[in-house]
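Worksheet: the structure to be examined is printed underneath.
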Amino acid sequence: MAVTTPRATLDARSLRADFPIFEQLIHGKPLAYLDSAVSAHKPRQVLDKLRDFYETSYGNVHRGVYALSERATAEYEGARHKVAEFVNARTAREIVFTRNATESINLVAYAWGLTNLGPGDLVVVTELEHHSNFVPWQYIARRTGAGFRMLRVDDGGELDLGDLDRVAAAGDVKVVACNLVSNSLGTVNPVDRLVPWAHALGAIVVVDAAQAAPHRRVDVQGLGCDFLAFSAHKMCGPTSIGALWGRLELLEAMEPFNLGGHMIRKVQFEETTWGDVPAKFEAGTQPIAEAVGFGAAVDYLEGVGMEAIERHEHELAAYALERLADVPGISLYGPPADRRAGIVSFNLEGIHPHDVAQILDMGGVAIRAGHHCCQPLMARLGVAATNRASFYLYTVPEEIDRLVEGLHKARAIFG
Amino acid sequence: MAVTTPRATLDARSLRADFPIFEQLIHGKPLAYLDSAVSAHKPRQVLDKLRDFYETSYGNVHRGVYALSERATAEYEGARHKVAEFVNARTAREIVFTRNATESINLVAYAWGLTNLGPGDLVVVTELEHHSNFVPWQYIARRTGAGFRMLRVDDGGELDLGDLDRVAAAGDVKVVACNLVSNSLGTVNPVDRLVPWAHALGAIVVVDAAQAAPHRRVDVQGLGCDFLAFSAHKMCGPTSIGALWGRLELLEAMEPFNLGGHMIRKVQFEETTWGDVPAKFEAGTQPIAEAVGFGAAVDYLEGVGMEAIERHEHELAAYALERLADVPGISLYGPPADRRAGIVSFNLEGIHPHDVAQILDMGGVAIRAGHHCCQPLMARLGVAATNRASFYLYTVPEEIDRLVEGLHKARAIFG
Amino acid sequence: MSEFEQLYRELILDHYKNPRGHGQLPDADVRAEGMNPLCGDEVAVAVAFDEDGDTIRDVRFEGRGCAISQAATSMLMEMVKGRKASDVAEMPKDDLLEEVGIPLTPVRLKCAILGLGVLKVALHKAKGTPLPDEWGTSASELRLA
Amino acid sequence: MSEFEQLYRELILDHYKNPRGHGQLPDADVRAEGMNPLCGDEVAVAVAFDEDGDTIRDVRFEGRGCAISQAATSMLMEMVKGRKASDVAEMPKDDLLEEVGIPLTPVRLKCAILGLGVLKVALHKAKGTPLPDEWGTSASELRLA
Ligand SMILES: Cc1ncc(COP(=O)(O)O)c(C=O)c1O
Ligand SMILES: Cc1ncc(COP(=O)(O)O)c(C=O)c1O
C-alpha cells in the first residue's frame, strides 16, 4: 500500500455528499446529526462494497475449495490486514474480529480473566469508563474473587493520577482498563502515563478505543498497551463487527472464549486443541460481509486522513463550547477544548435532557440524552443524565448553530 | 400479519432470478452452488432492505430520542417479532439476537452452565454434533467439573436411542445438546424423543437448529425444548447475526453472558443489576442492520413457504442419492432419503475430497470437502473428510447432473 | 398547532412544574420504585388504602425525570386517588395515555407509563393484583422493586 | 492445456500415486507431525542426520491428504535429502511451490506447504533452526507437535 501524506484538512461539506442519510428531511428539516459518538452514518463507498461483495463474491471463508469461498476468504483476510495497519499492529494475526468493542472487552475479561484472576488480585477501571469497560471487569472480578477498584476523576472530568498510589496499595494489580477518549465528556485520557505504571506492577492494560479509533490515529505500538477494543459502526462501517487487537504472545497464551467451528485444531471426545491465533477466537461463521465493510470503512477514513478528522472535530468542539457558553442556564461538563475530542456534554437548568433532545429533534437536530452508558460518571457529576452533542467528519458548523438555536427554543417553551 | 396458506411447491428456476450471485460465470461456467449448508446466498429482497435501512433509517437503537433512532428501534424490534413468529415463540422477548448459532450455544453454555453445572453433573451431546454444539459443552463441563458424555450413532448415521440408559446411569444429566438436522449427513434427529427423556431426568434440552431453521418449519412449542439456536446467514440473511430462542423463565433466571452497555438496569461501583430479557443478553451496540436483514430473510422464506422448501429439498436429495449411487467407487453416508434433509455426503475411492471439490470447481460446481466441523462423527465413520453437496430453494436438478458429471471427470483424471 | 406545541402543551408543562400528589406519604401501606434503564429516570410511588382495604385513600410519588414522565405520573395520581386497587390494577395504559393526550414515540411512551408501572407493582405487592404485561414474571418484578 | 489438466498434471498424479520417501524411518533422529485444521489432513515427517550432524541423510513422511499435499510432500522429500538442515530450514516456500509448478489458491497453498512446515518443525526440534514465519512462537509449535 502506498504511503499517503495525510491531508491536513477536510471539506465536510463535500464529504457529506457521500452519505445518503443526509438526502432526506426529518420533520421537514435537513438532518443535523450530532450523535456520531453513538454511531456514525455510512458513506456510499462502504454500502457499495457491502452490496457488491454479497452479489459477486459471497461465500463462507476458510472452508471451501471453490472459487467463491476463496474469493470471500481473500476479502475477509484483506480486511483484517487493513484494520491491522489502521492501528499499526505488528501483524494482522493480532486482530480478532468480534461483534463490537463490548464483545472485544468481554473476550479479554472472560478468556484472560477467568484463568488469570483470583483472590488478592485487583482489577482497576476508571470512573470515566463506559459500562462496556466497567461491568465485564466488575463481573469477572466477582466471579474469580478478585478485588475491583476505580480510579477517580476530578471535577473537570479528568483522571486523578494522584489516585494511583492509593489503588496500587490495595492489592496485586493485574488489569488496568481505561478508555482512550471518554464518550461522555470527550476527555482524552493519559493512557501513555497509565501504561508504565501498570506494567511496573505486572498488570495488563486494556484500552477501550471505541471513541478514539474513529476520530484520531491510534497506534498500539506507540501506546504500549496489551489489548485494544473498537467498533466498526462508529467508524462509518457496518454494525455487528468490531475488533480486538491483542499482543500476539498474550493471544497465543490465552484460553479461547467462544467455542465451536473454525477455532479448533482437533476435536476428540477426550480433548480438543485450539487453532492458531486469530482463528482460536473466531468461533463459528465469521462476520464476513461486515469485515469487508469494515475494510472499506478503514479505506474511507484513511482516504480522508485521520489527522484531518481529528483537527476538524477539534475545531468544531472549540466552536461548540464557545457558542454553548452563551446559552443562559447551561452547565458544561468536561475539560477545556484543547484536551478533549469532538464531544460536548451539558445540561439546561430545569429542563430534563430528554425534553431538550425531543425539542431539538422537532427541528431536525439529533443529539443524545441520557447517561451515555456511564452511570458511575453520572453519579460522580451528581446528575442522572446529560445532553451530548458529538461530531464527525461530515459535521458542519451550521449544525452547531442549529443546536444552539434549539436550546433557546427549549428555554422559551419551558419558560 | 395475514395468515398465508403455505404453498405446496416452489419454482426454483424463477426464485433463482432473485439471487444476483447466479448472474456471473465461474471459470466460464454458470455457478452450480451446492454448498448451502455452509451458507446460503442472498436474494435482492434482503440486500435491498439492508441498503435501504442504512440509507434512510439508520441509527443506534433503544437510545436516542430522535427520529432516526426511533425508526431504527422499530425496525430492529420488528425483526425480533418476525423471528419469534418464525419459530413460534410465545413472545418476542424469548428471542435473543447473537452473532450466529455458535454464539447462541456458547451463551447458554457459559451463562447457564457456569452457574448450574458442577461435579457429579453430566452434559450429554451426540456423536453427530457440529463442533459448535460439542466443544462449548466439553469446555464448560471441564471448567465446572461436570462429566461429559456422547450419545452414539449407528452405522447408518442415526442416533442410537438404545444408548440412553447407559448415559443416564453415568450421573446426574443436566444438559442434553442435540442438533435437529445433521449438517454432515442430513440426518433428521428424533429430538421429540430426547425431550421427554431429558425432562424426566431434570435436564434442559439445547437444540442446534442451524441446519433445520433454513429448511423446514421449526416450532419451539411443538418441540418442547428449552433453548434453540440458529443463524441468519444460512437462511438467506446477512452474516453476523443469529438467534437464541429460550424459554422465558429460564432466560429470566439466568446470569447474563456478555456485559456492557444496554444490558444493565443500574450500574454502581458496588453492584450492577441486569436489564429485562432480552436486553440482558444483548450487550453493546446490537447487530442492527443485520437484524433488519434477518427480518427480511424471514419474510422471504415465509413468502416461498417452509413446507415448499422442505419438499423441494427432499426431492432433490432423493434424486441426488439415486444418481450418485450409479457412480463407480462411491461411498454414500447417512440415512435413506425419507429420513434426511437436503444434504448428501460421499467419498470417491482413492480420491481425496479436496481433489474432488477442486475438480468440480473447475466446472463451476461448488461443494464442500472436509470434516464439516464434525470430527467426532468423521472418526466414527472412519474417514478424515467427506464430500458434501447440499441444496436450497434455488437449487435445480441440473446442478446435481453437473455434480455427477464432475465426479466422472474426477475419476477419469485420477484414473 | 405545531408538533412542538402539541407535545409540550400547557397542561403537560403545568403538571411538570406543579406536580400533583408529589412528595412523601408517611402513613403509606406500600411503596415501590422503578427506573427506566435507558435514561436512568426513577419514580417511587407510595399508596395508602382506606379501611375497606381496597380503595386508594391517598397516593404520592417522588422521583426525577423528563417532563413527560413527571407530568404523566402527576396526572396518574389524580386519576387513581379514590379508586379501587383492583380496578386500577386492570387499568389499560391507554387510559393514561389518553389523559396525557399527546403523540408519543415508543421511547417516550416508556417515559409516560413508568409511573403507572410502578404503581401496579405497589398494588401487586400489597394486594397480589396482576403485574403489567411487559414485566411478566416475578424475576423482573424483583429487579423493579 | 486447460486449468484442469494444469492442476492435476502427470507429475502431481505420479507423486500422489507413487510417493517418494513415503513410510517409516526406524532410525530417525527426530519426528514431527502437523495437521491442517481446515480439512483434518495430517502429515508426519521423520529425519535422520549424517554423522556431521547437519546433513539430512534420510527423510520420510506418512500421512493422509489430498493429491496436492501428498505430492508436494513427496517432492519435498526428494528436494531435501542430502542437503544441510540449516539450508533447508531457510528454504523459502516458493522453492517448493516452483517444483510443484501449478497455480494454487490460498486454501490449496496450505495443502502444498503442510509437509514443508512439519519438516521445519522437526529441524527446529532437532537443531533449533527457525520455525516457519506463519507459526511464530513456541505456543503454536507445541500445538503442531
Ligand atoms: C448443525 C450446525 N450447527 C451449528 C453450525 C454453526 O453455525 P454458525 O457457524 O453460523 O455459528 C452449523 C453451521 O456451520 C451447523 O451446520
Ligand atoms: C467509550 C466507549 N466504549 C465502549 C463503547 C461500546 O461500543 P459498542 O456498543 O460498539 O460495543 C462505546 C460506545 O457505545 C463507547 O463510547
Side-chain angles (χ1 to χ4, degrees), chain B residues 25-29 35 38 130-132 134-135 184 329 333 345 347-388 402 405-415, chain D residues 1-19 22 33-44 61-76 97 100-118 143-144:
Chain B
L25 297 181
I26 300 282
H27 302 300
K29 313 259 171 27
D35 197 16
V38 83
H130 188 281
H131 293 161
S132 292
F134 188 101
V135 188
S184 280
Y333 307 103
S345 252
N347 267 319
L348 281 190
E349 201 186 335
I351 317 183
H352 189 281
H354 262 187
D355 297 314
V356 173
Q358 179 99 52
I359 290 169
L360 287 167
D361 178 53
M362 298 280 167
V365 179
I367 67 160
R368 176 97 187 275
H371 53 60
H372 318 297
C373 298
C374 290
Q375 290 182 355
L377 178 65
M378 295 295 118
R380 170 69 177 80
L381 298 175
V383 297
T386 73
N387 301 287
R388 181 188 71 184
R402 288 172 59 197
E405 210 177 287
L407 297 182
H408 287 294
K409 177 117 195 174
R411 282 179 37 84
I413 288 175
F414 275 77
Chain D
M1 202 163 58
S2 80
E3 259 187 287
F4 257 119
E5 286 133 21
Q6 257 186 18
L7 197 50
Y8 293 99
R9 65 199 181 105
E10 209 55 53
L11 186 65
I12 298 286
L13 291 173
D14 180 52
H15 271 276
Y16 177 56
K17 291 180 191 162
N18 311 295
H22 190 270
E33 8 183 306
M35 74 178 294
N36 182 343
L38 303 179
C39 56
D41 287 352
E42 293 176 322
V43 166
F61 81 104
E62 290 182 297
R64 56 183 185 186
C66 60
I68 309 287
S69 76
Q70 300 302 297
T73 308
S74 165
M75 290 173 176
L76 177 71
L97 296 178
V100 173
I102 55 177
L104 290 171
T105 60
V107 167
R108 300 319 299 278
L109 189 78
K110 287 191 186 132
C111 304
I113 62 174
L114 176 60
L116 176 61
V118 175
R143 280 201 304 279
L144 258 181

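Every value quoted in this text rests on a predicted model; they were computed, and no experiment measured them. Letters go in sequence order (proteins before strands), and every chain restarts at 1.
Taking both residues in full, the closest heavy atoms of B:Phe414 and D:Leu13 are given as CE2-CD2, 3.7 Å, listed atom of the first, atom of the second, then distance.
You'll find the side chain of B:His352 stays beyond 4.5 Å of the side chain of D:Arg64, heavy atoms only.
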Verdict with reasoning, B:His371 to D:Asp41, per side-chain contact (heavy atoms from CB on, under 4.5 Å):
CA-CA 10 Å; B:His371 53 60; D:Asp41 287 352; over 6 Å; no
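Here the straight-line distance linking atom CD of D:Gln70 with atom NE2 of B:His354 works out to 12.0 Å at 0.5 Å rounding.
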